[in-house]
Amino acid sequence: SYTVVVKAILYIGFIFSFLGVNYTEILLNILAGKKWGNNGEAVSVLSAFCVYTAFMAWNGTTEAFVYALASSGRDIGRLSFMHTVVGAVFALSAPVAVKEYGTVGLV
């Protein structure tokens with residue numbers, strides 16, 4: 001059922017998020033060398049991306065469910081409008097987040 005799928009995605013995503021945040025520096029040292037592993041900004045960005053990916057998986061699943069339940073063209077139109085609003089909010093807030101938080105603000 002839908003709830004089982006959402007729970008599974010959240011559990012798997014959170015496991016990878018928690019591991020990713022704590023072991024990003026080690027992973028970067030192994031895969032990309034000391035240059036990137038010792039770069040605090042690269043570690044922070046990859047850690048934030050691990051958490052972001054878990055939430056995006058959840059978002060994709062719930063979004064697909066909502067679209068599957070949409071019963072009319074009007075519902076689809078409302079969903080499309082909300083996507084536009086969310087995209088505009090992101091586009092407007094991204095420069096502020098980058099200015100405030102640096103590269104992590106992109107994530």
Side-chain angles (χ1 to χ4, degrees):
S1 80
Y2 171 71
T3 56
V4 172
V5 171
V6 170
K7 284 180 184 180
I9 287 172
L10 286 175
Y11 292 149
I12 292 168
F14 285 147
I15 288 170
F16 283 106
S17 293
F18 299 147
L19 291 173
V21 168
N22 292 313
Y23 297 106
T24 301
E25 186 174 350
I26 295 169
L27 181 67
L28 280 175
N29 276 323
I30 292 170
L31 296 177
K34 296 281 185 196
K35 176 184 175 187
W36 290 104
N38 293 333
N39 183 333
E41 189 172 11
V43 171
S44 297
V45 170
L46 189 55
S47 295
F49 191 73
C50 289
V51 175
Y52 172 75
T53 304
F55 282 107
M56 289 307 293
W58 171 73
N59 177 58
T61 304
T62 55
E63 189 176 312
F65 179 75
V66 169
Y67 271 104
L69 291 180
S71 59
S72 69
R74 187 173 182 205
D75 291 341
I76 300 290
R78 283 189 210 155
L79 291 169
S80 296
F81 175 75
M82 290 309 296
H83 276 127
T84 304
V85 170
V86 169
V89 168
F90 176 78
L92 294 172
S93 65
V96 175
V98 169
K99 191 173 193 177
E100 184 71 26
Y101 300 108
T103 310
V104 176
L106 282 175
V107 177

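- For the atom pair Asp75 CG and Ser80 OG, the distance stands at 10.5 Å (nearest 0.5 Å).
- Residues Tyr23 and Phe16 fall into different hydrophobic clusters, defined by Ile, Leu, Val, Met, Phe, Trp and Tyr side chains chained together at heavy-atom separations under 4.5 Å.
- The shortest non-hydrogen separation linking Val104 to Ser44 is CG2-CB, 3.8 Å.
- In this structure, the separation between CD on Glu25 and CD1 on Ile30 is 11.0 Å, given to the nearest 0.5 Å.
- Closest non-hydrogen pair, Ala91 versus Pro95, comes out as O-CD, 3.2 Å.
- Under the 4.5 Å side-chain heavy-atom criterion for grouping Ile, Leu, Val, Met, Phe, Trp and Tyr, Val51 is not connected to Leu28 through any hydrophobic cluster.
- Note: Tyr2 OH to Lys7 NZ = 12.0 Å, rounded to the nearest 0.5 Å.
- No chain of hydrophobic side-chain contacts below 4.5 Å, direct or via other Ile, Leu, Val, Met, Phe, Trp or Tyr residues, connects Phe65 to Tyr11.
- When all heavy atoms are compared, the tightest approach of Ser47 to Gly20 is OG-O, 4.2 Å.
- Considering CE of Met56 and OG1 of Thr61, their distance stands at 10.5 Å, rounded to 0.5 Å.
- Inter-residue side-chain proximity for Asn29 and Asn38 is flagged as met; some heavy-atom pair is nearer than 4.5 Å.
- Just one of Ile9, Thr3, Val4, Leu10 meets the side chain to side chain contact (heavy atoms under 4.5 Å, CB included) condition when paired with Val6; it is Leu10.
- Using the six-membered ring where Trp is involved, Phe55 and Trp58 have ring planes that are perpendicular, over 60° apart on the 30 and 60° scheme.
- Thr84 OG1 to Leu79 CG: the interatomic distance, rounded to the nearest 0.5 Å, is 11.0 Å.
- In the hydrophobic clustering of ILVMFWY residues, with side-chain heavy atoms under 4.5 Å counting as a link, Val96 and Leu106 come out apart.
- Panel note: side chain Asn22, backbone Phe18; a donor-acceptor pair is recorded below 3.5 Å.
- Heavy-atom minimum distance, Gly37 versus Val43: O-CG2, 3.7 Å.
- Between Leu31 atom CG and Thr24 atom OG1 the span is 11.0 Å, to the nearest 0.5 Å.
- Taken together through direct or relayed side-chain contacts under 4.5 Å among Ile, Leu, Val, Met, Phe, Trp and Tyr, Leu19 and Ile26 form part of one hydrophobic cluster.
- In this pair, Tyr67 and His83 present their aromatic rings parallel. The plane angle is below 30°, not in the 30 to 60° band.
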